[in-house]
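Chain A is the first sequence line, chain B the second, and so forth, proteins listed ahead of strands; every chain is numbered from 1. Note: hydrogens, waters and symmetry copies are ignored here, and every other heavy atom, side chains too, is used. Given the structure is predicted, the values throughout are model-derived calculations rather than measurements.
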There are 2 protein chains.
Amino acid sequence: MKNILLNFISNYISLTEEEMNAIFSLDIFRSVKKGTILLREGQKSKESYFVLKGCIRTYFLIDGEEKTTAFYTEMEALTPPCVISQTPSEYYVSCLEDTILVASNADMEAEMNSKFPKFEIMCRKLSEELLAKQRIDFDEFKTSSPEQRYLNLLHKRPDLIQRVPQHQLASYLGITPQSLSRLRARIMEKSKG
Amino acid sequence: MKNILLNFISNYISLTEEEMNAIFSLDIFRSVKKGTILLREGQKSKESYFVLKGCIRTYFLIDGEEKTTAFYTEMEALTPPCVISQTPSEYYVSCLEDTILVASNADMEAEMNSKFPKFEIMCRKLSEELLAKQRIDFDEFKTSSPEQRYLNLLHKRPDLIQRVPQHQLASYLGITPQSLSRLRARIMEKSKG
DNA sequence: TTCGTTTCTTAACTTAGGTGAACGAATTAT
DNA sequence: ATAATTCGTTCACCTAAGTTAAGAAACGAA
């Protein structure tokens with residue numbers, strides 16, 4: 001697990017022995033069981049997550065309905081907006097599978113950043129990259145129909161379609177479970193001819 | 001104009017005289033006429049923009065149709081994804097109005113960041129903040145209908161509805177101009193009773 | 001000013017997504 | 001193992017968005 005993290009970090013900066021040790025002395029690895037809720041609506045939090053193995057999901061609870069907006073799998077990072085704005089969370093974060101993750105605290109990050117300026121650089125690069133990626137996802141979402149979105153997902157993240165329940169995928173695609181079911185049947189029909 | 005920029009920066013870091021001078025010696029202010037295209041599909045670029053006055057817009061050209069995905073107005077910053085990925089741009093950036101902006105080059109930024117570590121901090125904070133904001137916008141988009149999106153926009157950015165042509169607003173809302181027109185009529189009808 | 005283009009609206013029709021309900025299949029809890 | 005829930009699919013019906021087309025209004029360029 002440590003290697004996965006180091007490997008990820010090496011995409012942004014190169015670490016000395018001392019820096020590696022500083023990271024591992026922080027006790028940031030955590031194992032969480034499927035179904036664990038990491039963050040609830042209304043809670044305040046300073047934690048960011050990086051998924052080493054497994055899958056976590058974010059969702060809103062609107063009129064008793066879960067509206068899933070994102071999934072984070074291996075090598076993906078999530079800093080909930082409430083951590084940045086320092087206001088109570090608008091949504092839930094929960095584990096879809098048994099998950100191993102890195103949980104880092106904002107205060108701890110600040111300390112690391114001031115001690116090792118390299119970390120600041122990594123954080124900047126990472127958030128710039130995530131911002132650009134998310135922009136692309138958003139643009140694709142806006143410019144395509146539910147069916148196109150599903151086909152796009154099938155192409156880009158086939159694993160998600162396997163590991164995530166349909167009704168959660170549906171709201172991730174901005175539609176109802178019934179529509180997703182229908183849409184899938186429609187696609188099947190087409191591909192048969 | 002210089003004051004607007006300094007005021008914005010002061011939200012993230014505090015500057016010394018020397019640092020201010022360093023910024024202004026870079027010759028980053030630019031005036032652009034309405035209709036000017038700052039970036040074309042297929043072009044490579046290293047420029048980020050910060051709008052001081054006016055409005056710029058990003059759009060894709062798909063089957064001869066412009067699909068507008070974002071607007072940037074006073075005090076908003078745009079770093080096109082292609083600047084991060086260093087690949088040819090997938091979209092266009094153009095000026096909706098006569099606009100005054102700060103154009104900064106990635107190489108120049110890197111130099112400033114290494115000379116003044118404070119800048120690195122500002123860049124990190126800014127992109128973390130933008131990432132969180134964009135996440136919220138994306139989530140709202142996913143969990144609401146076109147009509148709700150329009151009402152939400154009316155509430156959050158009433159200025160946009162005044163200054164942006166309807167057909168561009170429509171694709172920004174993920175619908176056709178006809179649907180937006182109809183939807184507006186529907187809302188009017190309701191509010192009259 | 002005038003001509004041409006772009007923009008906005010309206011309408012009729014088509015299509016796809018939302019809703020409510022029902023039912024078996026799969027999962028989970030006891 | 002069994003009961004209870006959750007999940008996925010299907011259906012019928014409703015509503016809203018897409019499409020095509022046409023005309024009016026606003027805007028820009030010559």
Side-chain angles (χ1 to χ4, degrees), chain A residues 33-37 55 57 59-68 71 92 94-98 141-154 160-192, chain B residues 33-37 55 57 59 61-68 71 92 94-98 141-154 160-190 192:
Chain A
K33 280 254 162 58
K34 176 175 178 171
T36 306
I37 295 184
C55 181
R57 126 189 192 257
Y59 63 94
F60 292 80
L61 203 53
I62 300 175
D63 301 330
E65 286 252 311
E66 287 185 7
K67 301 270 190 176
T68 298
F71 300 101
Y92 294 79
S94 97
C95 293
L96 213 85
E97 307 169 353
D98 289 350
F141 193 94
K142 265 190 188 173
T143 57
S144 54
S145 67
E147 183 170 329
Q148 287 173 316
R149 278 176 222 152
Y150 176 76
L151 291 171
N152 191 33
L153 188 68
L154 202 59
L160 273 192
I161 288 165
Q162 299 309 316
R163 66 208 286 195
V164 172
Q166 298 282 340
H167 67 285
Q168 290 175 12
L169 267 187
S171 62
Y172 178 70
L173 294 169
I175 58 177
T176 61
Q178 293 93 322
S179 290
L180 177 56
S181 193
R182 180 165 42 194
L183 174 162
R184 279 158 53 91
R186 199 164 61 221
I187 290 169
M188 279 304 191
E189 210 42 48
K190 281 183 201 165
S191 71
K192 272 196 306 185
Chain B
K33 280 255 162 58
K34 177 175 176 171
T36 306
I37 295 185
C55 180
R57 127 189 191 256
Y59 63 93
L61 203 52
I62 300 174
D63 301 330
E65 286 252 312
E66 287 185 7
K67 301 269 190 179
T68 298
F71 300 102
Y92 294 79
S94 99
C95 294
L96 212 84
E97 307 168 354
D98 289 349
F141 193 96
K142 266 190 187 171
T143 57
S144 54
S145 67
E147 184 170 327
Q148 288 173 315
R149 277 176 224 152
Y150 176 75
L151 291 170
N152 191 32
L153 188 69
L154 202 58
L160 272 192
I161 288 164
Q162 298 309 316
R163 65 208 287 195
V164 172
Q166 299 283 339
H167 67 285
Q168 290 175 10
L169 269 187
S171 60
Y172 178 69
L173 294 170
I175 58 179
T176 61
Q178 293 92 322
S179 290
L180 177 57
S181 192
R182 179 166 42 194
L183 174 162
R184 279 158 54 90
R186 198 164 62 220
I187 291 169
M188 279 305 191
E189 209 43 50
K190 281 183 200 166
K192 273 196 306 183

Inset, instruction - Please state how far atom CD in Glu65(A) lies from atom P in dT6(D), giving the value in whole angstrom units. - result: 13 Å
Legend entry - Side-chain heavy-atom pair Ser179(A), Arg182(A) within 4.5 angstrom cut-off: yes
Inset, instruction - Starting at atom CZ of Arg184(A), determine the distance to atom C1' of dC7(D), rounded to an integer number of angstrom. - result: 12 Å
Inset, instruction - Could you tell me the separation between the CE atom of Met188(B) and the P atom of dC8(C), rounded to a whole number of Å? - result: 15 Å
Inset, instruction - Mind running side-chain contact (heavy atoms from CB on, under 4.5 Å) on Leu153(A) and Tyr172(A) for me, showing each step along the way? - result: CA-CA 10 Å; Leu153(A) 188 68; Tyr172(A) 178 70; 3.8 Å; yes
Inset, instruction - Mind calculating the distance between CD (Glu189(B)) and P (dA16(D)) to the nearest angstrom? - result: 13 Å
Inset, instruction - Please determine if a side-chain N or O atom of His167(B) lies less than 4.0 Å away from the OP1 or OP2 oxygen of dC8(C). - result: yes
Inset, instruction - Give the B/S/- string for nucleotides 15-28 of chain C, one per nucleotide from 5' to 3', where a protein heavy atom under 4.0 Å of the base yields B, of only the sugar-phosphate yields S, and otherwise -. - result: -SBBBBB------S
Legend entry - Atom-to-atom span, CD1 of Ile161(B) to P of dC8(C) - whole angstrom: 13 Å
Inset, instruction - Show your working on side-chain contact (heavy atoms from CB on, under 4.5 Å) between Asn152(A) and Phe141(A) and close with a plain yes or no. - result: CA-CA 10 Å; Asn152(A) 191 33; Phe141(A) 193 94; over 6 Å; no
Legend entry - Integer-rounded Å distance: dT7(C) P and Arg163(B) CZ: 18 Å
Legend entry - For the student: nearest non-hydrogen atoms of Arg163(A) and Leu96(A), plus distance: O-CD2, 3.8 Å
Legend entry - Whole-Å distance separating the CG atom of Leu180(B) from the P atom of dT7(C): 14 Å
Legend entry - Gap between atom OG of Ser94(A) and atom NZ of Lys34(A) - 0.5 Å precision: 10.5 Å
Inset, instruction - Can you tell me the distance, in whole Å, between the CD atom of Gln168(A) and the P atom of dT6(D)? - result: 13 Å
Inset, instruction - Given side-chain contact (heavy atoms from CB on, under 4.5 Å), test Gln148(B) with Leu151(B) step by step and report yes or no. - result: CA-CA 5 Å; Gln148(B) 288 173 315; Leu151(B) 291 170; 5.7 Å; no
